[in-house]
Amino acid sequence: MFQHLEPYAGDPILSLNDAFQKDPRPDKINLSIGIYFDDAGRIPVLGCVHEAESRMLAASGAKPYLPIDGSPAMRKAVQGLLFGADHEALRSGRVATLQTVGSSGGLKVGADFIKRWFPGTQVWVSDPTWDNHRAMFEGAGVQVNTYPYYDPATGGLRFEAMLETLRSLPARSVVLLHACCHNPTGVDLTRAQWEQLVPVLRERELLPYLDLAYQGYGDGIDEDAFAVRLLATSGLSFFIANSFSKSMSVYGERAGALSVVCGSAAEAALVAGQMQATVRRNYSSPAIHAAGIVSQVLGDPGLRASWAADVAAMRDRILTMRRDLHGVLSARVPGRDFNYFLSQRGMFSYTGLSAAQVDRLRDEFGVYLVRSGRMCVAGLNTGNVERTAAAMAAVIS
Ligand code: KET
């Protein structure tokens, strides 16, 4: 019955993480998957999340199905987090938000919705982007194309080329944009560039789809929502999938949401209804535990302040690791420019290492990067940063 199946080649990120777990070398270093590890190499349990869970356990309530679009408390909390509590778009009721199964669930539900209600529309993603963006849209039957983004020559952004491509797209094309902390490059648009992008999106009647998976890892929780708020204030209609996996360190809880900013409350009601239809035929309804964590942490002023402090500490630790790595590498490989480690933001840096160099890092030194050359800087710590730099220096020279 199943002999005709093609073997699954595996996911370039998740398979690598599995290979890392199986590697018996005690001094192996995991810089592959986008997970934040603390300085002791552990996935942190944030105090605010622990406290929220204790309260949930004490209340020990029943666990009914959530509504199709998730917990009302979580949806409201997410809206405040993304747009700021009294944004005009929220006051006028023109944002439809649903709790989803991780932001991956949100991205996929949005892709299915686009296939159904914008048939023939194609999506444009940055070159490069998170591999799963392409997989999810293609899986939904939507054709995926790329716009220029990363410039290997400078380690920066090809902004003019990006705008030129976007100016040439048919109306209602979907443009996938990383709201902050671009994966895999760490290269973001500046605020001025976002402001230059808005008129292009508007004039060409494009449909932006923001992915905000690393809120707080760039410049701050509110600062990283800059693009979301700018687009909402500019009156554009757009999608935004956001994740709590990284920002609350709750990867396996699958806490995320999808919001659609619409032109009016009436439109938002239509979108909310069709999104519910899409969810019902995918996974029916999202997870109650994730909803409890997010709504408690965001809804309780004390827990929220504690969360903000934890996010700031995670962000600062990554910046310290960026500086340390830059320092050691610059000393070991003089004449080569490693400034991109300092200018790139968030969990990732694009090292420019070839697949062959990445393979050597893994095989000879036990240092795991994604084969594209993406490094998860959040996997570095005071105990492994020097060894990582030494290994990199060895494969570069
Ligand atoms: N968007 C982006 C840009 C992203 O990097 C991830 C995860 C997600 C969405 C998914 O988030 P979630 O809410 O947990 O469904 N990225 C890391 C893990 C993965 O590949 O699944 C990574 O790039 O390593």
Side-chain angles (χ1 to χ4, degrees), residues 2 4-25 28-37 43 100-112 115 123-146 149-150 176 178 181-186 209 211-214 217 241-247 249-256 258 282-283 286-287 290 346-351 353-363 366-379:
F2 302 115
H4 61 290
L5 267 67
E6 290 170 11
Y8 176 43
D11 179 83
I13 298 171
L14 300 185
S15 304
L16 202 61
N17 195 47
D18 291 344
F20 175 83
Q21 305 302 338
K22 290 186 192 128
D23 189 329
R25 288 174 285 183
K28 60 189 177 175
I29 299 171
N30 191 2
L31 310 176
S32 60
I33 192 160
I35 289 183
Y36 176 90
F37 296 95
I43 298 177
T100 55
V101 180
S103 66
S104 298
L107 285 162
K108 177 60 164 63
V109 164
D112 284 352
K115 175 69 184 172
V123 60
W124 269 259
V125 300
S126 60
D127 176 23
T129 191
W130 183 46
D131 289 306
N132 216 24
H133 281 150
R134 175 177 286 279
M136 281 192 289
F137 278 96
E138 285 180 350
V142 181
Q143 182 169 326
V144 179
N145 314 282
T146 60
Y149 192 82
Y150 176 72
L176 198 131
H178 299 233
C181 306
H182 185 268
N183 177 7
T185 66
Y209 198 141
D211 182 341
L212 179 59
Y214 300 92
Y217 281 92
N242 77 294
S243 175
F244 295 95
S245 295
K246 337 268 168 171
S247 64
S249 192
V250 291
Y251 305 88
E253 296 294 354
R254 314 309 295 127
L258 176 67
N282 266 287
Y283 53 81
M347 277 197 187
F348 304 115
S349 265
Y350 224 38
T351 59
L353 294 184
S354 66
Q357 288 171 322
V358 170
D359 290 346
R360 268 195 71 195
L361 272 183
R362 187 186 61 245
D363 296 343
V367 178
Y368 283 68
L369 268 64
V370 179
R371 288 190 89 226
S372 63
R374 183 190 87 169
M375 172 192 284
C376 179
V377 190

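Heads up: numbering here begins at 1 and tracks the sequence.
Applying the side chain to side chain donor-acceptor pair (under 3.5 Å) test to Thr185 and every residue at least two apart in sequence or in another chain returns His182. For the side chain to side chain donor-acceptor pair (under 3.5 Å) test, no residue two or more places apart in sequence or in another chain qualifies with Arg254. Under the rule for a side chain to side chain donor-acceptor pair (under 3.5 Å), the partners of Tyr368 that lie at least two apart in sequence or sit in another chain are Asp23. Looking at residues two or more places apart in sequence or on another chain, you find a ring-ring contact (aromatic ring centres under 6.0 Å, His included) between Phe348 and Tyr214. Remark: Tyr209 engages Phe137, Phe239 in a ring-ring contact (aromatic ring centres under 6.0 Å, His included) (not counting sequence neighbours). Legend: residues meeting ring-ring contact (aromatic ring centres under 6.0 Å, His included) with Tyr36, ordered by chain and number and at least two apart, are absent.
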I would like to know whether Leu369 and Leu361 meet side chain to side chain contact (heavy atoms under 4.5 Å, CB included); could you show each step before the answer?
-> CA-CA 8 Å; Leu369 268 64; Leu361 272 183; 4.1 Å; yes
CA sep, side-chain torsions, deciding dist, call: Asp112, Lys108, salt bridge (charged side-chain N to carboxylate O under 4.0 Å, His left out) = CA-CA 6 Å; Asp112 284 352; Lys108 177 60 164 63; 2.9 Å; yes
Evaluation steps, side chain to side chain contact (heavy atoms under 4.5 Å, CB included), between Tyr251 and Lys246 = CA-CA 7 Å; Tyr251 305 88; Lys246 337 268 168 171; 3.8 Å; yes
Worked check of side chain to side chain contact (heavy atoms under 4.5 Å, CB included) between Ile35 and Met347 | CA-CA 8 Å; Ile35 289 183; Met347 277 197 187; 5.8 Å; no
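In this structure, CG in Asn242 is found 5.5 Å from CG in Leu212, a value given to the nearest 0.5 Å. Note that CD1 of Ile13 is 10.0 Å distant from SG of Cys376, once rounded to the nearest 0.5 Å. Here Ile43 contributes atom CD1 and Ser249 contributes atom OG; the two are 6.0 Å apart, rounded to the nearest 0.5 Å. One finds the NE2 atom of His178 at 5.0 Å from the NE2 atom of His133 (value rounded to the nearest 0.5 Å).
Thr129 places no side-chain N or O within donor-acceptor distance of the main-chain N or O of Val125, the cut-off being under 3.5 Å. Between the Glu138 side chain and the Ala135 main chain, no donor and acceptor come within less than 3.5 Å of each other. Ser354 contributes a side-chain N or O that, together with a main-chain N or O of Gln357, makes up a donor-acceptor pair within less than 3.5 Å. Listed for the Thr351 side chain is no donor-acceptor partner under 3.5 Å among the backbone atoms of Arg374. Remark: side-chain polar atoms of Ser243 are paired, donor with acceptor, to backbone N or O of Ser245 under 3.5 angstrom. Listed for the Lys28 side chain is a donor-acceptor partner under 3.5 Å among the backbone atoms of Phe20.
When every heavy atom of Asp11 is checked against every heavy atom of Tyr8, the shortest pair comes out as N-OH, 3.3 Å. Here the closest heavy-atom approach between residue Leu16 and residue Ser32 is recorded as CD2-CB, 3.6 Å. Here the closest heavy-atom approach between residue Met136 and residue Ala111 is recorded as O-CB, 4.3 Å. Scanning all heavy atoms of the two residues, the minimum distance from Gln21 to Asn30 falls at NE2-ND2, 4.4 Å. Closest approach of Arg362 to Arg25, counting heavy atoms only: O-NH2, 2.8 Å. Heavy-atom minimum distance, Leu258 versus Gly106: CD2-O, 3.5 Å.
By the 4.5 Å heavy-atom criterion applied to side chains, Pro12 and Asp131 are counted as neighbours. Using a 4.5 Å cut-off on side-chain heavy atoms (C-beta onward), Leu107 and Trp130 make contact.
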